[in-house]
Amino acid sequence: MTPPAIRLFNTMTMQKELLQPAIPGEVGVYVCGPTVYSYIHIGNARTFTSFDVVVRYLRHRGLKVRYVRNFTDVDDKIIKAAAETGEAPVELAARYVEIFREDTRALHLLEPDFSPRVSDHLPEIIAIIQKLVDKGHAYASQGDVYFSVSSDADYAKLSKRNLDELCVGERVQPGEQKREPLDFALWKAAKPGEPAWESPWGPGRPGWHIECSAMSAKYLGETFDIHGGALDLIFPHHENEIAQSESANGVTFARYWMHCGFLDLEGAKMSKSLGNVVRLRDALTKVDPEALRFFFLATHYRHPLSFSDKALADAETRMEYFYETLRKVDERISGKDFGKGPLHGDPQRFFTEFESAMDDDFNTAGGLGALSGLFGMMNELTDKPPVKDKALVGRTLQALREDVRRVSGVLGLFEDAPDAWLLRRRERAVRERGIDVAEVERLLGERTAARAAKDFAAADRVRGELKQKGVEIMDTPAGTTWKVAPLQG
RNA sequence: GGCGCCAUAGCCAAGUGGUAAGGCAAAGGUCUGCAAAACCUUCAUUCCCCGGUUCGAAUCCGGGUGGCGCCUCCA
C-alpha cells in the first residue's frame, strides 16, 4: 500500500508539507489538553474537535496513530479555584477531569490512547528538569528552577519573535528569582498550604510547559510527529516546550506543528473578563452535539469561526436534512439483498472527492461540500429514481450508505440511528418552544378525520392552528407526521 | 512597536496560477386535495482597492484600506 499523501500546514515552516512520519506508517500525536480548573468552553471544544478529526482521518488513511492528550492537573489556577471552593486542589482537578470526559463524550470526541496527568508524572518531570540543570540550560534559585532562555540559540523559532523586542517588555515580577526577564519557571517552590512534591530543589511543583515536555517524551519519544493546540499556545507555551525538550534531548521535538484558529462570539472575543464565555455544557442544552460538530467542521480548522445562534440553527437544519435522508435510505435498503452487479452512475466519486479535500490539510469544509453531492444522489435515487431497475438502485444506495458510514468514522457525524436523532431533536425543540404534545396529537387526529371525510377546509384550519403553535405537519403514505417548524429570522 | 492572520454573493464558506465547490436565505417548477419533505432551475463576467509579473491571477509580487490574533493566564 502506498503511503497516503496527506499535506498539512506546519506552523514551524508556515507552509503546507507532505506528512512523512518518522516511522513510516505510524504517527505520534500530542495535543495540549485542558487545565482542569473549570468547565471547558466552546472554543476549547472546537480545538479538541479539530484534532479529533485529524486523528480519525489519519487512522482512516491507514496510519497507526498514538494519540496523547494530557490533563494539566497541577497549576496556579487550580490552586486558586480550590481555595475558593474549599476543596483540595487534586480533588477539584479530578472532578473537572470527569466533567471534561462527560462533555467531550457528548461531543463524540474519541478518548485518546493516553491521557497523562501531571500529578502522576512528577518523577519524569523532575528528571527532565535535572537534565536541563546538568546541561547548563536551567538554574536553581531559592527553591525555584528557571530555564535560561539565553542558553538556547534558536529560542522563538516557532513564534518567530525577536528576542530583543521580547526583552523590552518588563517581565521580571517582584519576588521572582530570574536572572533574565525571559527566563521561565520549570519548578516553583511551594508556598505554605500549596500542593508540593519533594525535589532536589526542595518541595514545590512543576511550572507550566514542562509537563508537556516530560509526558510527550514518555508516551511518544523525544521526537514525535504532530503536536497540536490552539493558536494562542504558540507563544509562550509551545515555544517553551521546544526550548525545554530540544535543550534537554538534543533532538528535534515535534516534527509538525498544527494550530487551530479561534472561535469568537460574532466578532467579540470570548473572555472571562467580559463574562461572555460559553461553556460547552451550556451550548449543548441548546444545540444538538452533532450539529455543533458540523458547525465546527464547516469552517477550516485554521480559520477564525464565529459562534452565533443563526449559524447553529443553520447547522441543525443541515443535520436534519442529512438524517432525514438517511432515514429514508435505511428504510429502503435495510435488510435487503440487491445482489451483485454494476452500480448506477459514479457513486464513488463523492467519497474520492471527500478524501482529496481531507488530504489537503484536513479540509473538512471542502469535504462537506462533496457530501452534498452524495446526499443529493441518495435522495434522487430514493424519491425520483432515474432508472427502473430496483436492484440497481438498491445496490447503488447501499454503496452510498456505506460511504456515509466511512465519513462518519472520520468526521464523527451521522453516528446516531436516524430515527433516534430526529426524535431527540424534536423533543428538544418541543421543550424549548413549550409545545403541548398531547394537544398536537389530538389536533392531528381531528385533521385526519376531516381529511378522511374530504373536509379539506377543516383539515386546513387545523393545519393553520398547528402552524401557529410552531408545528409543521407532513402527510406521507404511512400517515401524518409532524415536526417543530424552524424559527424564522 | 514586534510577530502573524484574514478580506470571495443578502448571510455562512471552499478554492492559493488555468478561467468562481457547497450550504442557508430567496424566486420559479415537479410532486401534493393543499402543504411539508425531496428533486430540478435561477441566484458573484467576478473574488476589499490600486499597481505589477504572466499567454493567463481570487490565487504570485509591491503599495494601500478595513477587520482580527499573539506578544501577560488564555484553546
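Sequence lines set the chain letters: A, B, ... in the order given, protein chains first and strands last, and positions in each chain run from 1.
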(message) Any non-hydrogen side-chain atom of E427(A) less than 4.5 Å from a side-chain atom of V430(A)?
(response) no
(message) Looking at D460(A) and G33(B), is any side-chain donor or acceptor paired with a base atom of the opposite kind under 3.5 Å?
(response) yes
(message) Taking the side chain as everything from C-beta on, heavy atoms only, tell me whether D330(A) gets closer than 4.5 Å to P418(A).
(response) yes
(message) Using atom C1' in both nucleotides, what's the gap between G52(B) and G15(B) to the nearest angstrom?
(response) 24 Å
(message) If you only use heavy atoms from C-beta on, which nucleotide in C70(B), G23(B), A75(B) is closest to the side chain of L233(A)?
(response) A75(B)
(request) Provide the distance between the two P atoms, one in G64(B) and one in A25(B), to the nearest whole Å. (result) 42 Å
(message) Within this structure, what is the CG-CZ distance for the pair L263(A) and F296(A), rounded to the nearest 0.5 Å?
(response) 6.0 Å
(message) Let me confirm one number: the CG-OG distance from L297(A) to S50(A), rounded to the nearest 0.5 Å.
(response) 7.0 Å
(request) State, without any angle test, whether Y323(A) and R327(A) hold a side-chain donor-acceptor pair at a distance under 3.5 Å. (result) no
(message) Given A14(B), C24(B), C70(B), identify the nucleotide with an atom nearest to the side chain of D314(A).
(response) C24(B)
(message) In the structure I gave you, are the side-chain heavy atoms of I210(A) and F147(A) within less than 4.5 Å of one another anywhere?
(response) no
(message) Which nucleotide wins on minimum distance to the side chain of S372(A), given the candidates G23(B), A14(B), A75(B)?
(response) G23(B)
(request) Measure from the side chain of R318(A), starting at C-beta and using heavy atoms only, and say which of G4(B), G23(B), A14(B) lies closest. (result) G23(B)
(request) Remember a base hit wins even if backbone is also touched, and classify I40(A) as base, sugar-phosphate or nothing at under 4.0 Å, heavy atoms. (result) nothing
(message) Going by the rule salt bridge (Lys or Arg N to Asp or Glu O under 4.0 Å), which residues pair with D475(A) if we only count those two or more places apart in sequence or in a different chain?
(response) R447(A), R451(A)
(message) Can you check the distance between U19(B) and C34(B), where both ends of the measurement are the C1' atom (answer in whole Å)?
(response) 46 Å
(request) Would you name the heavy atoms of R281(A) and E102(A) that are closest together and state the gap between them? (result) NH2-OE1, 2.9 Å
(request) Select base, sugar-phosphate, or nothing to describe what H300(A) touches, counting heavy atoms under 4.0 Å on all strands. (result) sugar-phosphate
(request) May I have the distance from F262(A) (atom CZ) to C6(B) (atom C1'), rounded to whole angstrom? (result) 14 Å
(request) Find which nucleotide of RNA chain B each of A298(A) and M377(A) is nearest to by heavy atoms, and output the residue with the more 5' nucleotide. (result) A298(A)
(message) Could you tell me how far A13(B) sits from C68(B) if I compare only their P atoms? Round to whole Å.
(response) 16 Å
(request) Check whether the side chain of R447(A) and the base of G33(B) form a donor-acceptor pair under 3.5 Å. (result) yes
(request) Check whether any side-chain heavy atom of D75(A) sits under 4.5 Å from a side-chain heavy atom of V118(A), and report yes or no. (result) no
(message) Rounded at 0.5 Å granularity, tell me how far CE in M319(A) sits from CG in L312(A).
(response) 12.5 Å
(request) May I ask you to verify if any side-chain N or O of H303(A) is less than 4.0 angstrom from the OP1 or OP2 atom of A14(B)? (result) yes
(request) Using the C1' atom as the reference point in each nucleotide, state the distance between C55(B) and C50(B) in Å, no decimals. (result) 23 Å
(request) Using a 4.0 Å heavy-atom cut-off across all strands, classify M319(A) as base, sugar-phosphate, or nothing. (result) nothing
(message) From C-beta outward on R161(A), which listed nucleotide comes closest to its side chain: C3(B), C70(B), A75(B)?
(response) C70(B)
(request) With heavy atoms under 4.0 Å as the rule, sort R451(A) into base, sugar-phosphate or nothing. (result) base
(request) Treating a pair as Watson-Crick (purine N1 to pyrimidine N3 plus N6-O4 or O6-N4) or G-U wobble (N1-O2 and O6-N3) with both distances under 3.5 Å, list the stems of 3 or more consecutive pairs that involve RNA chain B. (result) B:1-7 with B:65-71, B:10-12 with B:22-24, B:26-30 with B:38-42, B:48-52 with B:60-64
(message) I'd like the P distance from C31(B) over to A20(B), given in whole Å.
(response) 34 Å
(message) Any side-chain N or O of K269(A) below 4.0 angstrom from OP1/OP2 of C70(B)?
(response) yes
(message) So A311(A), base contact, sugar-phosphate only, or nothing? Heavy-atom distance under 4.0 Å.
(response) nothing
Under 3.5 Å, which N/O atoms of the protein pair with N/O atoms of nucleotides 36-38 of chain B?
residue, atom, partner, partner atom, Å
A38(B), O3', N379(A), OD1, 3.4
A38(B), O2', D383(A), OD2, 2.8

